[in-house]
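Step one of this worksheet: look at the structure below.
As a basis for the values below, the full set of heavy atoms in this structure was taken, side chains included, without hydrogen atoms, waters or symmetry mates.
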Amino acid sequence: MTRVVGVRFKTAGKVYYFDPGDFDLTVGMKVIVETARGIEIGEVIVRPKEVPDEDIAQPLKKVLRIATPEDLELQKENASKGKDAFRVCQERIASHELPMKLIDVEYTFDKSKVIFYFTAEKRVDFRNLVKDLAQRFRSRIELRQIGVRDEAKTLGGYGICGRPLCCATWITDFDPVSIRHAKEQNLSLNPSKISGVCGRLKCCLRFEADTYREIKNELPKVGDIVTTKKGKGKVVDVLIMRESVLVQLPDSGERIEVTAKELKRSGKQRVGA
């Protein structure tokens, strides 16, 4: 078993694991760690725990120290420098007439590198831009192209539901989303209704899929004959969000809504098709 601590560097970002050493770490603490990008400051998200050795990618880097007030002040200073660098980079992009959109700028904690995140519809020759930026900031420069989903995650915003974007608040990884998920949930296939602010299919179609599938399995299908308190009838619609079905009675033609619980209490959910 190996003792590890989970650290995150961005809101809703991935959790990376480090060797906590002898530090007494609790959730919410800021710590200084060594990463592939250099020295970074992050927040403890998962308190120290024991995990099987095979679940850990070795070698495991150590937590260097608990962040000091000076470290936190340096973090704020880097964020301020990032805003200035953003403005300068935008000016350089315009002067070089490059077809790219700058999204974010980030200084590594030790100021050894400045990372510029951008989106573009195709490959961009930004070699002259890198030279300009390196001369201006006297530091290592990295330009990293990201996708539209990462852009939404970085910039944040509100979805059609009126709530903050899931990707910017709690989703750490983008799972594949397909039109099949919309079909399974009986949603309109109108792109404007099933697409997020990023223009891609909504992430909620994927993480809600299992719940919809579970509810759907509890309900009869359209065309099934079921027993209700008013007698037998045919299912003409499945209302997944309400966990019920719409049943048409053969004699009167009346349509009644019947929940999954009511069907179960009848003792016979499906009589036949």
Return yes if some donor-acceptor pair links the side-chain N/O of Ser80 with the main-chain N/O of Glu77 below 3.5 Å, else return no. no
Less than 3.5 Å apart, which donor and acceptor atoms pair up between the side chains of residues 168-177 and the rest of the protein, not counting sequence neighbours?
from   : atom 1 : to     : atom 2 : distance (Å)
Thr169 : OG1    : Leu165 : O      : 2.9
Thr169 : OG1    : Cys166 : O      : 3.3

Approximate separation, where rounding is to 0.5 Å, of Thr211 OG1 and Ile240 CD1: 11.0 Å
Answer with yes or no whether the side chains of Ser244 and Glu257 bring together a donor and an acceptor at under 3.5 Å. yes
Taking Asn78 for its side chain and Phe109 for its backbone only, find out whether a donor-acceptor pair lies under 3.5 Å. yes
I'd like to check Val235 versus Val226 (side-chain heavy atoms, cut-off strictly below 4.5 Å). Are they in contact? yes
Does the side chain of Leu187 reach to within under 4.5 Å of the side chain of Leu189, using non-hydrogen atoms? no
Quick one, Arg127 and Val130 - any side-chain contact, counting heavy atoms below 4.5 Å? no
Looking at NZ of Lys131 and NE2 of His96, how far apart are the two atoms once the value is rounded to the nearest 0.5 Å? 10.0 Å
If you look at every heavy atom in Pro20 and Val63, which pair is closest and at what distance? CA-CG2, 4.1 Å
Any side-chain hydrogen bond (donor to acceptor under 3.5 Å, both in side chains) involving residues 197-207? Give me the pairs, sequence neighbours left out, ordered by first then second residue. none
Do the side chain of Asn217 and the main chain of Arg213 share a donor and acceptor less than 3.5 angstrom apart? yes
Do the side chain of Asp71 and the main chain of Thr68 share a donor and acceptor less than 3.5 angstrom apart? yes
Any non-hydrogen side-chain atom of Val5 less than 4.5 Å from a side-chain atom of Val31? no
Side-chain donor-acceptor contacts of residues 99-108 below 3.5 Å, not counting sequence neighbours, with atom names and distances?
from   : atom 1 : to     : atom 2 : distance (Å)
Lys101 : NZ     : Glu151 : OE2    : 2.7
Glu106 : OE1    : Arg37  : NH1    : 2.7
Glu106 : OE1    : Arg37  : NH2    : 2.9
Glu106 : OE1    : Tyr117 : OH     : 3.1
Glu106 : OE2    : Lys10  : NZ     : 3.4
Thr108 : OG1    : Asp110 : OD1    : 3.0
Thr108 : OG1    : Ser112 : N      : 3.2
Thr108 : OG1    : Ser112 : OG     : 3.3
Thr108 : OG1    : Lys113 : N      : 3.2
Thr108 : OG1    : Lys113 : O      : 3.3

Has the side chain of Lys62 got a donor or acceptor atom that lies under 3.5 Å from a matching backbone atom of Asp19? no
NZ (Lys111) with more than 12 external heavy atoms under 6.0 Å: yes
Sub-6.0 Å ring centroid separation between Phe118 and Phe126: yes
